[in-house]
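Okay, structure first, notes after.
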There are 2 protein chains.
Amino acid sequence: MKSLTYAEENYLKAIYHLSEEGKKEVSTNSISDELKTKPASVSDMIKKLAVKGVINHKKYQGVRITTSGIEAALQIVRKHRLWEVFLVNKLNFNWDEVHEVAEELEHIQSPLLIQRLDEFLGYPKYDPHGDPIPDETGTYKLKPKTPLNELQVGDSGQIIAVKDSSAAFLQYLDKVGAYIGAKIRVIDKVEFDGSLEILVDNKKNLFVSKDVSKNILITNI
Amino acid sequence: MKSLTYAEENYLKAIYHLSEEGKKEVSTNSISDELKTKPASVSDMIKKLAVKGVINHKKYQGVRITTSGIEAALQIVRKHRLWEVFLVNKLNFNWDEVHEVAEELEHIQSPLLIQRLDEFLGYPKYDPHGDPIPDETGTYKLKPKTPLNELQVGDSGQIIAVKDSSAAFLQYLDKVGAYIGAKIRVIDKVEFDGSLEILVDNKKNLFVSKDVSKNILITNI
DNA sequence: ATGAGTGTTTAGCTTTGTCTAAAAATATTC
DNA sequence: GAATATTTTTAGACAAAGCTAAACACTCAT
Ligand SMILES: [Mn+2]
Ligand SMILES: [Mn+2]
Ligand SMILES: [Mn+2]
Ligand SMILES: [Mn+2]
């Protein structure tokens, strides 16, 4: 099993994330969207990843990640999320500042480093955005969660994760006082546009659009 | 001032280290030795670095680092050594295990990361090998030091740094109980081969060859 | 079932960083 | 000071990763 280059790791991780959300087949265009490269570049890379056995590919038919590809991707995800925990918990980064840096740090090659970092952080199970951290074997715990927009008036729960980890979205959440662990109760729902009025931590009324609420994940009750 | 690529940073740092020890002019071959690349590759890279203004070069005349080159090199050295401190002080790496990993970590681009890491580590002034850590402005404190082989019988002092940071040398020092801060007294000196008998921490007699003693740096008394 | 539109791949080019082999310049030795 | 040895540079190739433009394949609607 020859190892992956920096760019190959980024592609594989993108393919892994794309196959997670929904169907198994991942299209060339969706990969190029995700990574902001051109479809032609994706076609080239697909060939390399197929040769290394981390994906299967039939021409014009999209791409499917293999078992060994999932294993490799989970280790990259593990590193990414451990570094995010480090940045937030130890270096006082805000949760909207960690993604870019973790995107680089995840490629550092040193099993000892990751093992010790995990230990130093106290074997965290979730990253600052509520995403689960796989262990050395690739095992991770998925907490059941529901997008806020699917809750009904009167429903309540806690914010457990965010679907969108972009700086813009996280900064918005900071501004309105939403954070992982915050208590949420749905006060009112506008059927026309799917927007919600919610109560945060029993003290703050907030109006959120559907674009926002579908990116906030709530504990199942 | 356009920024440097990963490989350019490694070359510039090597040139900086080579100009530190001894003369200003650095030869193509010495760079290729240091980086284990071929002289032809060095010639290519020299052109790129000269265009970016970090070195001066006249054909067949060696290379001289510029003021702006020194500035850039010091920031890479700063990152390298801060990461080494992190690995040893926080992740319990041994001092012989840090170099390779720091060689990768030093290229992570994030001023905030380095500033916060420095703060997290308590603004260390020296790395695990006794080398000084430049601050954000490139300033650092050089402690006066003498190679152990230059001491005379009866002289004493403390180990303040090592000149060779290879794993093999550091593991040898571990084995014989030598470390940064250890007290040293020269008991006897063999003129024939320059080897020394020394007393470590007032309790351990040790025979060291000149190859070893010239790589151990002692406080000036 | 065919033609238009969309999605994917190929062809050909660029940049970065490496290499080998050969040429050119400098250094050393007799 | 000429011959030889060493060092450095150039020339040409290759792999990785990206791009644009053009060709090809699949899908869907008429
Ligand atoms: Mn990445
Ligand atoms: Mn995350
Ligand atoms: Mn390096
Ligand atoms: Mn060091």
Side-chain angles (χ1 to χ4, degrees), chain A residues 1-15 18-19 22-65 69 72 76 103-104 106-109, chain B residues 1-15 18-19 22-65 69 72 76 103-104 106-109:
Chain A
M1 181 82 59
K2 52 191 80 99
S3 70
L4 302 174
T5 66
Y6 191 108
E8 285 169 351
E9 288 192 342
N10 282 335
Y11 274 93
L12 182 62
K13 191 173 60 130
I15 291 166
L18 290 167
S19 8
K23 50 181 171 293
K24 301 247 182 287
E25 306 290 344
V26 177
S27 74
T28 299
N29 273 0
S30 67
I31 300 169
S32 87
D33 280 358
E34 178 84 6
L35 294 175
K36 282 115 169 67
T37 57
K38 301 296 163 184
S41 309
V42 175
S43 282
D44 282 347
M45 185 57 88
I46 279 173
K47 286 178 208 147
K48 296 175 195 165
L49 291 177
V51 167
K52 296 202 178 180
V54 291
I55 59 173
N56 289 320
H57 177 56
K58 268 172 294 176
K59 268 187 202 168
Y60 293 97
Q61 304 277 118
V63 134
R64 180 177 298 200
I65 193 165
I76 305 165
E103 203 55 54
E104 293 190 49
E106 69 188 356
H107 304 288
I108 303 283
Q109 300 294 358
Chain B
M1 180 82 62
K2 53 191 79 101
S3 70
L4 302 174
T5 66
Y6 192 108
E8 284 169 351
E9 287 192 343
N10 282 336
Y11 274 92
L12 181 62
K13 190 172 61 130
I15 292 165
L18 291 167
S19 10
K23 49 180 172 294
K24 303 247 182 286
E25 305 290 344
V26 177
S27 75
T28 300
N29 272 1
S30 67
I31 299 169
S32 89
D33 280 359
E34 178 84 6
L35 294 175
K36 283 114 167 67
T37 56
K38 300 296 163 183
S41 308
V42 175
S43 282
D44 283 347
M45 186 56 87
I46 280 173
K47 286 178 208 146
K48 296 175 196 165
L49 291 177
V51 167
K52 297 203 177 180
V54 291
I55 59 173
N56 289 319
H57 177 57
K58 268 173 293 175
K59 267 187 200 165
Y60 293 98
Q61 305 277 121
V63 133
R64 180 177 299 200
I65 193 166
I76 305 165
E103 203 56 54
E104 293 188 49
E106 69 188 357
H107 303 289
I108 303 283
Q109 300 293 358

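Order of the sequence lines fixes the chain letters, A, B, ..., with proteins taken first and strands second; residue numbering starts at 1 for each chain. As the structure is a computational prediction, the values presented were derived from the model and not from experiment.
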Shortest non-hydrogen contact from [X] toward [Y]:
| X | Y | value |
| --- | --- | --- |
| B/Ile46 | B/Ile55 | O-CD1, 3.6 Å |
| B/Glu104 | A/Ile108 | OE1-CA, 3.6 Å |
| B/Leu4 | B/Gln109 | O-NE2, 4.5 Å |

Any side-chain heavy-atom pair of A/Leu49 and A/Ile15 under 4.5 Å | yes

Answer whether the closest heavy-atom distance between the side chains of B/Leu12 and B/Ile65 falls below 4.5 Å.
-> yes

Has the side chain of B/His57 got a donor or acceptor atom that lies under 3.5 Å from a matching backbone atom of B/Arg64?
-> no

Salt bridge (charged side-chain N to carboxylate O under 4.0 Å, His left out) between B/Glu25 and B/Lys58, intermediate numbers included = CA-CA 11 Å; B/Glu25 305 290 344; B/Lys58 268 173 293 175; over 6 Å; no

Can a side chain N or O of [X] be found less than 4.0 Å away from OP1 or OP2 on [N]?
| X | N | answer |
| --- | --- | --- |
| B/Thr28 | D/dT9 | yes |
| B/Asn29 | D/dT8 | yes |
| B/His57 | D/dT9 | yes |

Could you check which of D/dA16, D/dG18, D/dT9 has an atom nearest any side-chain atom of A/Thr37?
->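 Of D/dA16, D/dG18, D/dT9, D/dG18 is nearest to the side chain of A/Thr37.
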
Quick one: how far along DNA chain C does chain A reach, first to last nucleotide 5' to 3', anything under 4.0 Å to a heavy atom?
->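 First and last nucleotides in contact are C/dG7 to C/dT10.
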
What is the distance from [atom1] of [X] to [atom2] of [N], rounded to the nearest Å?
| X | N | atom1 | atom2 | value |
| --- | --- | --- | --- | --- |
| A/Lys47 | D/dA17 | NZ | C1' | 13 Å |
| A/His107 | D/dA16 | NE2 | P | 17 Å |
| A/Asp44 | D/dC19 | CG | P | 10 Å |
| B/Lys58 | D/dT7 | NZ | C1' | 17 Å |
| A/Leu35 | D/dA16 | CG | P | 18 Å |

Treat primed atoms plus P, OP1 and OP2 as sugar-phosphate and everything else as base, then score nucleotides 20-25 of chain D 5' to 3': B for base contact with protein heavy atoms under 4.0 Å, S for sugar-phosphate contact only, - for none.
-> BB--BS

N/O donor to acceptor pairs below 3.5 angstrom from side-chain atoms of residues 32-41 of chain B, sequence neighbours left out:
from	atom 1	to	atom 2	distance (Å)
B/Ser32	OG	B/Asn29	O	3.1
B/Thr37	OG1	B/Tyr11	OH	3.3

N-O pairing of A/Glu8 and A/Lys52 below 4.0 Å | yes

Could you check whether A/Thr5 gets within reach of a base, just the sugar-phosphate, or nothing at all, counting any heavy atom under 4.0 Å?
->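 Sugar-phosphate contact only.
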
Taking for each residue the nucleotide of DNA chain D with the nearest heavy atom, is it A/Pro39 or A/Gln61 whose nucleotide lies nearer the 5' end?
->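 Result of the comparison: A/Pro39.
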
